[in-house]
Amino acid sequence: MKLYIYCEEEDFTALSAAFENEFESDADLSAEIVIVDEQEIQRLNRETRGIDAVTDVLSYPSLDGIFGVKIEKKNFPYEADEDGRLFIGSIAICEKRAAEQAAEYGHGIMREINYLAAHGICHLLGYDHVEESDKILMRQKEERVLAKMGAVRQ
């Protein structure tokens with residue numbers, strides 16, 4: 001099944017394709033990404049997480065209990081979008097923080113934005129990085145997806 005990413009500001013077609021075979025589902029999935037400024041990401045972070053600070057990416061999953069299991073449409077009858085795809089959630093990426101991090105890590109801004117988007121999508125799919133073992137699994141998924149795009153770390 002495919003992952004469709006909706007974003008008005010950037011084209012995530014390559015990232016969508018790179019997530020092919022990275023999840024198990026009986027339906028296509030969809031996600032939304034918005035590119036925001038520092039004020040907006042700080043507002044979102046404050047209002048949704050109680051942290052009054054700028055951050056690079058925020059994820060808002062819409063499906064619970066999907067990590068490591070087949071995502072079945074019958075279990076989420078109210079999460080299908082107008083195209084019949086299961087909506088897995090929304091991601092906000094701060095463009096300025098992405099640019100700063102790209103400069104810090106020595107790669108282009110689109111590589112950083114794609115990394116942040118991949119990171120966010122992993123969260124939407126139930127991945128987390130609280131425990132070290134979970135962090136390792138999430139990083140492996142992120143790096144595998146980016147490698148499929150040819151966006152490996154330099």
Side-chain angles (χ1 to χ4, degrees), residues 1-36 40-41 44-45 47-51 53-95 97-98 101-102 105 107-153:
M1 302 270 78
K2 294 185 178 185
L3 170 66
Y4 292 85
I5 301 172
Y6 304 111
C7 181
E8 291 184 11
E9 300 87 2
E10 298 291 342
D11 180 5
F12 287 103
T13 305
L15 184 62
S16 293
F19 265 95
E20 190 169 325
N21 299 317
E22 294 295 334
F23 59 88
E24 191 177 354
S25 177
D26 65 358
D28 288 337
L29 306 181
S30 68
E32 168 193 44
I33 298 177
V34 293
I35 309 296
V36 299
E40 180 63 7
I41 203 110
L44 289 168
N45 205 12
E47 291 179 6
T48 62
R49 298 179 63 227
I51 300 172
V54 174
T55 190
D56 53 0
V57 62
L58 293 170
S59 301
Y60 300 99
S62 62
L63 306 183
D64 290 326
I66 63 171
F67 177 75
V69 299
K70 183 176 182 178
I71 303 166
E72 298 185 43
K73 194 172 184 177
K74 69 179 182 180
N75 295 331
F76 305 99
Y78 303 109
E79 296 301 329
D81 66 16
E82 61 272 5
D83 296 312
R85 301 171 184 142
L86 281 178
F87 182 70
I88 60 172
S90 300
I91 299 164
I93 296 173
C94 178
E95 186 171 35
R97 287 293 300 134
Q101 290 172 184
Y105 298 127
H107 53 246
I109 187 170
M110 281 315 299
R111 194 276 181 202
E112 186 66 16
I113 286 175
N114 276 297
Y115 166 74
L116 294 172
H119 181 86
I121 291 167
C122 285
H123 277 304
L124 300 184
L125 291 171
Y127 285 80
D128 209 336
H129 45 79
V130 175
E131 301 295 327
E132 187 61 28
S133 58
D134 295 333
K135 182 179 180 178
I136 291 168
L137 285 175
M138 188 169 178
R139 293 291 178 261
Q140 289 172 340
K141 174 76 78 180
E142 293 164 353
E143 292 301 325
R144 187 169 51 249
V145 166
L146 292 171
K148 287 180 184 181
M149 297 175 59
V152 294
R153 285 187 201 202

Colleague: Taking salt bridge (Lys or Arg N to Asp or Glu O under 4.0 Å) as the definition, give me every residue that meets it alongside D11, ordered by chain and number, with sequence neighbours left out.
Modeller: none
Colleague: If you count every heavy atom of other residues, nucleotides or ligands that lies below 6.0 Å from E32 atom CD, does the total exceed 12?
Modeller: yes
Colleague: Identify, with sequence neighbours excluded, every residue that meets side-chain hydrogen bond (donor to acceptor under 3.5 Å, both in side chains) alongside T55.
Modeller: none
Colleague: Identify, with sequence neighbours excluded, every residue that meets side-chain contact (heavy atoms from CB on, under 4.5 Å) alongside D28.
Modeller: M1, K2, Y4, R85
Colleague: Who passes salt bridge (Lys or Arg N to Asp or Glu O under 4.0 Å) against E47, sequence neighbours left out?
Modeller: R43
Colleague: Run the side-chain contact (heavy atoms from CB on, under 4.5 Å) test against E82 and tell me which residues pass, sequence neighbours left out.
Modeller: none
Colleague: I'd like to know if the side chain of N114 and the backbone of M110 have a donor-acceptor N/O pair within less than 3.5 Å.
Modeller: yes
Colleague: In the structure I gave you, are the side-chain heavy atoms of V34 and S90 within less than 4.5 Å of one another anywhere?
Modeller: no
Colleague: Find the distance between OG (S16) and OH (Y6) and round it off to the nearest 0.5 Å.
Modeller: 9.5 Å
Colleague: Can you tell me how far apart NE2 (H123) and CG (L58) are? Round to the nearest 0.5 Å.
Modeller: 9.5 Å
Colleague: Tell me, please, which residues at least two apart from Y127 pass side-chain hydrogen bond (donor to acceptor under 3.5 Å, both in side chains).
Modeller: K141
Colleague: Apply side-chain hydrogen bond (donor to acceptor under 3.5 Å, both in side chains) to Q101 and list each qualifying residue two or more places apart in sequence or on a separate chain.
Modeller: D56, R97, E112
Colleague: According to side-chain contact (heavy atoms from CB on, under 4.5 Å), who are the partners of E132, at least two apart in sequence or on a separate chain?
Modeller: K135, I136
Colleague: For R144, check salt bridge (Lys or Arg N to Asp or Glu O under 4.0 Å) against everything at least two apart and list the hits.
Modeller: E22
Colleague: Mind checking the CD1-CG spacing from I33 to L15? Nearest 0.5 Å is all I need.
Modeller: 6.5 Å
Colleague: Considering non-hydrogen atoms only, spot the tightest contact between K74 and P77 and give its length.
Modeller: O-CD, 3.6 Å
Colleague: To the nearest 0.5 Å, what is the distance between CE (M149) and CZ (R111)?
Modeller: 9.5 Å
Colleague: Check whether any side-chain heavy atom of L44 sits under 4.5 Å from a side-chain heavy atom of Y60, and report yes or no.
Modeller: yes
Colleague: Taking all atoms of both residues into account, what is the closest heavy-atom pair of F12 and A117, and its distance?
Modeller: CE2-CB, 3.7 Å
Colleague: For residues 62-71, which side-chain donor-acceptor pairs fall under 3.5 Å, sequence neighbours excluded?
Modeller:
from	atom 1	to	atom 2	distance (Å)
S62	OG	F87	O	2.5
S62	OG	I88	O	3.3
S62	OG	G89	N	3.4

Colleague: Restricting to side-chain hydrogen bond (donor to acceptor under 3.5 Å, both in side chains), what partner residues turn up for S59, sequence neighbours left out?
Modeller: none
Colleague: For K73 and L86, which heavy atoms make the closest approach, and how far apart are they?
Modeller: CA-CD1, 3.8 Å
Colleague: Would you compute the distance between atom CE of M138 and atom CG of L125 and round it to the nearest 0.5 angstrom?
Modeller: 9.5 Å
Colleague: Can you sort out the partners of V57 under side-chain contact (heavy atoms from CB on, under 4.5 Å), two or more places apart, ordered by chain and number?
Modeller: I91, I93, L116, H119
Colleague: Roughly how far apart are L3 CG and S30 OG, rounded to 0.5 Å?
Modeller: 8.0 Å
